[in-house]
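Working notes, beginning with the structure itself.
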There are 2 protein chains.
Amino acid sequence: MFSKACEYGIKATIYIAVKSMRHTRVSLKEIAEEVNSPVAFTAKILQSLAKSGIIDSHKGPTGGFEIEESKIDTIKLHDIVHAIDGDNIFVGCGLGLKQCDATQPCPVHDKFVGIRENLKMMLQNTSLYELATGLDIGLTHLKR
Amino acid sequence: MFSKACEYGIKATIYIAVKSMRHTRVSLKEIAEEVNSPVAFTAKILQSLAKSGIIDSHKGPTGGFEIEESKIDTIKLHDIVHAIDGDNIFVGCGLGLKQCDATQPCPVHDKFVGIRENLKMMLQNTSLYELATGLDIGLTHLKR
DNA sequence: TTTATTTAAGATAAATTTGTCCGAAATAAG
DNA sequence: CTTATTTCGGACAAATTTATCTTAAATAAA
C-alpha cells in the first residue's frame with residue numbers, strides 16, 4: 001500500500017511526536033532503533049519531512065528531531081504520506097490510464113473511486129496526536 | 001495501488017474476455033496494442049496468468065489467448081490480482097510490522113483493516129464478466 | 001516434411017526503490 | 001578556539017520492478 005519510505009516516515013513521525021509531547025528531542029539513532037528502520041535511509045526520510053515542515057531538525061550536540069507541540073494536533077496522516085509519497089496514491093487511474101474519469105472511465109473506475117475516497121478520508125481524519133497518544137499509553141506499538 | 005504488472009494483467013484479461021465472448025482468440029501482439037502495454041512484458045504476465053489457470057494459451061498459427069466462456073462469470077478481479085501480485089495487498093501490517101494484530105496493533109491497524117476489507121470485498125465481488133461487458137458495450141475503455 | 005506463426009523460457013538490461021557511506025556544515029560545551 | 005556530536009547532502013551500491021531480446025518449442029497449413 002505505502003512505500004517503505006512512507007512506512008518508516010509514519011513510524012518515525014509518531015515516535016518523534018510522543019517524545020515531543022514530553023518536550024524531548026530525539027536523535028536519528030534513537031528513532032531508527034525504536035522504529036526498527038535502517039539508520040541512513042531513515043535519515044533521508046527525516047530530511048524530507050523536515051523540508052516539508054512537518055518536523056524540525058537541529059544539528060550539533062543536544063540536536064535531533066522534534067515537532068512543535070501545537071502542530072501535533074493539526075498534522076494529519078495525510079500530510080505525512082503526501083510529504084513522502086506525493087499524491088500518486090490519491091490521484092490517477094487504477095489501471096494507469098492517462099485519461100480516465102466519470103465521462104470516459106476505465107473498467108474499474110467506479111469501483112475504485114469509492115475505496116480511494118475511503119482511504120483519503122481516513123488519512124485526512126486521523127491526526128498525529130491520536131496516533132502518538134495511542135502509542136504513548138501503550139495501546140499500540142511500533143516495533144516487530 | 002497495484003503494480004504495473006497487475007495493471008497490464010487486468011487490462012489484458014478484460015480484453016481477452018471480451019474477445020472470448022465472441023469466440024475469438026487474440027494474439028499477444030493484438031492484446032498489447034489494444035491495452036497499450038509493452039509487448040514482451042505483457043507476454044510474461046500472460047504467461048503467469050496462463051499458469052494460474054485464469055487464461056488459456058495456444059501456440060502456433062491461429063494460436064493466442066482465450067478464456068473458457070463458462071469461467072468468465074466466475075473469475076473475479078481478486079483472482080487476477082492474486083495471480084500476479086500475490087496476497088501482499090490483502091495481508092500484512094500497514095506499517096510493515098511482522099507482529100501486528102488486534103491484540104498488539106500498530107498505530108494505524110484499526111484504521112487500515114476497514115479500508116482493506118473494503119478493497120478485498122470490492123475485488124471479490126467484481127466479476128470479469130461485468131468488466132468485460134462494460135468494455136464490450138462501450139461503457140468503459142482500456143486505452144489512453 | 002517444410003515453413004510460417006505464435007507462445008514459452010531464460011538471459012539480460014533499464015529504471016526505480018531501497019539502502020549505505022562519507023565528508024561537510026552546524027552547533028553545544030569545555 | 002577546539003572538540004565532540006549531530007544533521008545535511010551528495011555519491012554510491014544493492015535489490016526489486018519493469019522491460020527487452022533471443023532462442024526454443026509447439027503447431028497449423030501448404
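Naming convention: chains lettered A, B, ... in sequence-line order (proteins, then strands); numbering from 1 in each chain.
- Along DNA chain C, the nucleotide nearest to Gly64(B) and the one nearest to Asp85(A) differ in position, and the one closer to the 5' end is contacted by Gly64(B).
- Taking the side chain as every heavy atom from C-beta outward, Ile45(B) and Ile84(B) approach each other to under 4.5 Å.
- Annotation for Leu135(A) and Tyr15(A): closest pair CD2-CA, 4.4 Å, computed over non-hydrogen atoms.
- Between Tyr8(B) and Phe2(B), the ring centre distance reaches or exceeds 6.0 Å.
- Atom NZ of Lys59(A) is separated from atom P of dA25(C) by 9 Å (rounded to the nearest Å).
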**Request:** Kindly determine whether Leu142(A) and Glu34(A) satisfy side chain to side chain contact (heavy atoms under 4.5 Å, CB included), including the steps that lead there.
**Result:** CA-CA 7 Å; Leu142(A) 287 178; Glu34(A) 292 300 318; over 6 Å; no
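- Nearest nucleotide to the Phe65(A) side chain, out of dA19(D), dA4(D), dT7(D): dT7(D).
- Near DNA chain C, meaning a heavy atom under 4.0 Å from it, residues 24-53 of chain A has Pro38(A), Ala40(A), Phe41(A), Lys44(A) in order of number.
- OP1 or OP2 of dA19(D) has at least one side-chain nitrogen or oxygen of Tyr8(B) nearer than 4.0 Å.
- When rounded to the nearest whole Å, the span between NE2 of His58(A) and P of dA29(C) equals 14 Å.
- An end-to-end axis angle of 0° holds for the helix from dT1(C)-dA30(D) to dG30(C)-dC1(D), taken from five base pairs per end and rounded to 10°.
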**Derivation of the side-chain hydrogen bond (donor to acceptor under 3.5 Å, both in side chains) call for His141(B) and Gln99(A)** = CA-CA 10 Å; His141(B) 69 122; Gln99(A) 202 175 82; 5.4 Å; no
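- The distance between atom CG of Asn88(A) and atom C1' of dT17(C), rounded to the nearest whole Å, is 13 Å.
- Salt-bridge annotation for Glu117(A) and Lys120(A): absent, with no side-chain N of the basic residue lying under 4.0 Å from a carboxylate O of the acidic one.
- Summarising the local packing, NZ of Lys143(A) is surrounded by more than 12 heavy atoms from other residues, nucleotides or ligands at distances under 6.0 Å.
- Among dG19(C), dA19(D), dT18(D), the nucleotide with an atom closest to any side-chain atom of Ser3(B) is dT18(D).
- Checked options Arg22(A), Lys19(A), Arg25(A); the residue passing with Glu66(A) is Arg25(A) (criterion: salt bridge (charged side-chain N to carboxylate O under 4.0 Å, His left out)).
- Residues His58(B) and Phe65(B) form no side-chain contact, since every pair of their non-hydrogen atoms from C-beta on lies 4.5 Å or further apart.
- Between dT7(D), dA8(C), dA4(D), one nucleotide has an atom nearer to the side chain of Ser57(A) than all others, and that is dT7(D).
- The residue among Gly63(A) and Lys4(A) whose nearest nucleotide of DNA chain C is located toward the 5' end is Lys4(A).
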